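Computed from a prediction, not measured in an experiment: that's the story for all the values here. Residue numbering restarts at 1 for every chain, and letters A, B, ... go by the order of the sequence lines. When reading the values below, keep in mind they use all heavy atoms of this one structure, side chains included, and skip hydrogens, waters and symmetry mates.
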Amino acid sequence: WEEERYPEGIKWKFLEHKGPVFAPPYEPLPENVKFYYDGKVMKLSTKAEEVATFFAKMLDHEYTTKEIFRKNFFKDWRKEMTSEEKSTITNLSKCDFTHMSQYFKAQTEARKQMSKEEKQKIKEENERLLKEYGYCVMDNHKERIANFKIEPPGLFRGRGNHPKMGMLKRRIMPEDIIINCSKDSKIPAPPPGHKWKEVRHDNKVTWLVSWTENIQGSIKYIMLNPSSRIKGEKDWQKYETARRLKKCVDKIRNQYREDWKSKEMKVRQRAVALYFIDKLALRAGNEKEEGETADTVGCCSLRVEHIKLHPELDGQEYVVEFDFLGKDSIRYYNKVPVEKRVFKNLQLFMENKQPEDDLFDRLNTSILNKHLQDLMEGLTAKVFRTYNASITLQQQLKELTNPDDNIPAKILSYNRANRAVAILCNHQRAPPKTFEKSMMNLQSKIDAKKEQLADARRELKSAKADAKVRRDEKSKKTVESKKKAVQRIEEQLMKLEVQATDREENKQIALGTSKLNYLDPRISVAWCKKWGIPIEKIYNKTQREKFAWAIDMAEEDYEF
DNA sequence: GTAAAGACTTGGAAGAATGTTC
DNA sequence: GAACATTCTTCCAAGTCTTTAC
C-alpha cells in the first residue's frame, strides 16, 4: 500500500480507459399500447412518448401525486411535445398513463418469468460489458471503475421536499462528455458519428469522465471503485487524520470551553457550534442556495426555529431540544442536557431573532474550518464525525465483548457497537416493509425451538432415569446422546434469540453508512483477530475489497 | 474577500442476486 | 421448484471541502 509517493497534487502518471457506456436508445412502445387524453386515444410523437413513459413507470409511486412533482414534470414534458401536442395536452389530470403502466408491469413480470437460458444470456452480456468498460489502467494497476454507465434519462427524484422533483433529466450525449486520460494512452473513441465535448489530460484529478447534469447544473463524474489504490489510500489518510485528532482533542475541547466566555460574539458562536459538532456529531452545515434544494440544515446553518431551550426538563437542567431536517431530509430529533455556559450562550444568540433567523449569524463553515485548520493541520468539521464514530466503536467493543460468549453472541456485541455509532451519527432508515411479519416469523421459529428443547429435555430426563435403573452401557450412551441433543438445541435457540434482539434493535437504524464511511476498518479487523471471528462475518466480499488495505495492515493489538 | 465551480465523500432506497422454506 | 425473505449491489442524490474566478 505504500508505493512511491507522488509530488503534491499529482494523482497518477498513466491513465487509460475505454470511456463510458451510454444509456440504451429509446425504444418506442408497440402500437397496441395506448395513451389517452381526456378519454380519447392519442398517438404521441416519439420524444413526447419517451418522457410520458418515465411518468408511467412511476405511476404507483407516491411522487406522482405530489403537486410540485406534477407541475415540474408537466412543464418539462410540454417542452418535448410537438406544437399540436402542446395545444391538445393542456392538463395533466386528463392524461391517462394506466395502459402504459400496465404494459411496463407486464414487461417486468415477463422478465422474471424468463427461462434460465435467457437469463444466462443477459448475465453474460452484462459481464462482457463489465469486462470491456468496467476497468481502466491507472499507473501499473488494472482498476475497477465504480460507475462506468452514464445515468439514463428520467424524471428527477429529489429527496424530501425538493423544489425540482419531477423535472426531466435529459439524455446525456457524447457531445456532453469530457474524457480525462493520459496523453500517452489509447484515447477512447466516441460512438460512431459523434464526438466528445473535450479530451483532457489532467493528472491532478482522479476522474475519468465528467458531464454537466441539467437539474442543478452540477458536474457528475465517473471515478474508480472503492477497492482501487487511489480510493483506498485516501480512505486510509482520512482515518490517519482522525487519529491525529485523537492526540489533540483534549486540548481542542479545553480551548472551545474557554471560548464560550470570549468577549467576541463570533468566537463564542464558533465555540458552541464546535461543541455541537464534537458532542453530537453534527455535520458542518454549508449554506445552500434557497429554492434550489430541499430545506435542510447542518450545524452552522441551524436556525432559531430548530432548537428549543428548556431550563429544566424531565429532571434535567439546561436541556436543548433539537428538531431539524438534516442531509437527505432525515429528521434529527434529540434532547440534550448541555453545560450551563452553552445554554446561556444559546439564549444570547437567540435574543431578538425571528424563528427563521440563523442561530449562528456570525459563523459559517468556512470560518469554522479555517479555525480548525489552525488548531491542527488537515482538521475540518467532518473529521470530528470520523473521530467520534471510530473511537466510539473501539470503546463499545471493549465494553460489550464478553470473552466467554460464543461467536453469534460476540457478533451481536459487534452489531451493538456499530449501532451505537449509527445512532450517534443519526443514520436512520425506513423500517423494512416486511418488518412486522419477519419478526413474527422469527418469533414462531423461536417458540418451535423452545418446544423442541422442552421435548429434548424430557427425553434426557427419562433416559437418565432409565440409565439409573438399568446401569448398562447402552443406556449410558443414550443419556450422552440426549445430552448432546439438548445442548445443540440450546445453542440453536440462543442463536435465534440473538438474531431477534439484533433485528428488533435495528428496526430503524441503518448500519451501512457508518460501517463503510466512518469506522476505521482496522478496529474491526483487530477485533476479529483478537476474538477469532472470521472477517467474513463482519465484512462481505465488496467490503473486504474496499478494506483490503486494513485487512492487510491491522494486527490484533491495533489501537485507533 | 466572496461567490461560483469543481472534486470528492457520504447517504438511503431500489433493484438484483442469493438463500430458505414449504 | 416456486414463493418468499434476506443480503448484496447499484444507483444517483446530497453533502463537505477545495480551487478558481472575479
Exercise. Taking only N and O in the side chain of A:K541, is any of them less than 4.0 Å away from OP1 or OP2 of C:dT7?
Worked result: no
For this session: Take the protein atom CD of A:Q543 and the nucleotide atom C1' of C:dT7, then report the distance between them rounded to whole Å.
Result: 10 Å
Exercise. Taking for each residue the nucleotide of DNA chain C with the nearest heavy atom, is it A:A381 or A:N441 whose nucleotide lies nearer the 5' end?
Worked result: A:N441
Exercise. With sugar-phosphate meaning primed atoms plus P, OP1 and OP2, does A:R544 contact a base, only sugar-phosphate, or nothing at under 4.0 Å between heavy atoms?
Worked result: nothing
Exercise. Is the shortest side-chain N to carboxylate O distance from A:R331 to A:D323 below 4.0 Å?
Worked result: yes
For this session: Provide, to the nearest angstrom, the distance between the CD1 atom belonging to A:I215 and the C1' atom belonging to C:dC11.
Result: 16 Å
Exercise. Under 3.5 Å, is there a donor-acceptor pair between the A:E124 and A:Q120 side chains?
Worked result: yes
Exercise. Counting any heavy atom closer than 4.0 Å, what does A:I330 reach on the DNA or RNA strands: base, sugar-phosphate only, or nothing?
Worked result: sugar-phosphate
Problem set entry | Closest nucleotide among C:dA13, C:dT9, C:dA5 to the A:S438 side chain | C:dA5
For this session: Could you tell me whether A:P226 contacts a base, only the sugar-phosphate backbone, or nothing, with contacts defined as non-hydrogen atoms closer than 4.0 Å?
Result: nothing
Exercise. Would A:K66 count as a cation-pi partner of A:Y63, with NZ or CZ less than 6.0 Å from the six-membered ring centre and within 45° of the ring normal?
Worked result: yes
Seminar exercise, completed: Assert: residue with more 5' nearest nucleotide on DNA chain B, out of A:T206 and A:N426, is A:T206
For this session: Find which nucleotide of DNA chain C each of A:T434 and A:I150 is nearest to by heavy atoms, and output the residue with the more 5' nucleotide.
Result: A:T434
For this session: Using a cut-off of strictly less than 4.0 Å between a heavy atom of the residue and any atom of DNA chain C, enumerate the qualifying residues of residues 276-291 of chain A by number.
Result: A:R283, A:A284, A:G285, A:N286, A:K288
Seminar exercise, completed: With the side chain defined as heavy atoms from C-beta on, A:K382 is closest, among C:dC11, C:dC17, C:dT9, to C:dC17
Exercise. Contact class for A:K169 vs. all strands (heavy atom < 4.0 Å): base, sugar-phosphate, or nothing?
Worked result: sugar-phosphate
Seminar exercise, completed: DNA chain B nearest-nucleotide lookup for A:A430 and A:K234: closer to the 5′ end is A:K234
Seminar exercise, completed: note: A:K445, atom NZ; C:dC4, atom P; distance rounded to Å ~ 16 Å
Exercise. Between A:Y239 and A:F560, does the ring centre distance come in under 6.0 Å?
Worked result: no
Exercise. Roughly how many Å is it from CZ in A:R429 to C1' in C:dT6, rounded to a whole number?
Worked result: 11 Å
Problem set entry | Protein-nucleotide distance (A:L155, atom CG; C:dC12, atom C1'), rounded to Å | 14 Å
For this session: Report yes or no: is the cationic atom of A:K169 (NZ for Lys, CZ for Arg) under 6.0 Å from the centre of the six-membered ring of A:F156, at an angle within 45° of the ring normal?
Result: no
Seminar exercise, completed: Among C:dA14, C:dT16, C:dG15, the one nearest any side-chain atom of A:D328 is C:dA14
Exercise. Between which nucleotides of DNA chain B, read 5' to 3', does contact with chain A run, using atoms under 4.0 Å from its heavy atoms?
Worked result: B:dG6 to B:dT21
Exercise. Within the modelled atom types, does a donor on one side and an acceptor on the other bring the side chain of A:R159 and the base of C:dA13 under 3.5 Å apart?
Worked result: yes
Problem set entry | Pair A:D455 + A:K450: basic N to acidic O under 4.0 Å | no
Exercise. Is A:T365 near enough to C:dT16 that one of its side-chain N or O atoms lies under 4.0 angstrom from OP1 or OP2?
Worked result: no
Problem set entry | Any donor-acceptor N or O pair under 3.5 Å, side chains A:Q452, A:K449 | yes
For this session: Please work out if A:S366 contacts a base, only the sugar-phosphate, or nothing of the nucleic acid, heavy-atom cut-off 4.0 Å.
Result: nothing
Exercise. Could you give the CZ-to-P distance, from A:F435 to C:dT7, as a whole number of Å?
Worked result: 12 Å
Seminar exercise, completed: Here the distance between atom P of C:dT16 and atom CD of A:Q373, to the nearest Å, is 17 Å
Exercise. OP1, OP2 of C:dT6 versus side-chain N and O of A:R503: anything below 4.0 Å?
Worked result: yes
For this session: Check whether the side chains of A:R229 and A:H141 place a donor and an acceptor atom closer than 3.5 Å, and report yes or no.
Result: no
Exercise. Do the two ring centres, one from A:Y414 and one from A:W527, sit under 6.0 Å apart?
Worked result: yes
For this session: Measure from CG on A:D202 to C1' on C:dT20 and round the result to the nearest Å.
Result: 13 Å
Exercise. Are OP1 or OP2 of C:dC8 and a side-chain N or O of A:T542 less than 4.0 angstrom apart?
Worked result: no
For this session: Looking at every strand, decide which applies to A:G158 at a 4.0 Å heavy-atom threshold: base, sugar-phosphate, or nothing.
Result: sugar-phosphate
Exercise. With ring centroids as reference points, do A:Y135 and A:H17 lie under 6.0 angstrom apart?
Worked result: no
Exercise. Any side-chain N or O of A:K370 less than 4.0 Å from the OP1 or OP2 oxygen of C:dC17?
Worked result: no
Exercise. Looking for any heavy atom pair under 4.0 Å, which part of the strands does A:Y221 touch: base, sugar-phosphate only, or nothing?
Worked result: base
For this session: Consider only side-chain N and O atoms of A:S182 and A:N203, and report whether a donor and an acceptor are under 3.5 Å apart.
Result: no
For this session: Assign A:N369 to base, sugar-phosphate, or nothing according to its heavy-atom contacts below 4.0 angstrom with the strands shown.
Result: sugar-phosphate
Seminar exercise, completed: Residues at least two apart in sequence or cross-chain that pass side-chain contact (heavy atoms from CB on, under 4.5 Å) with A:P152, listed by chain then number, are A:A23
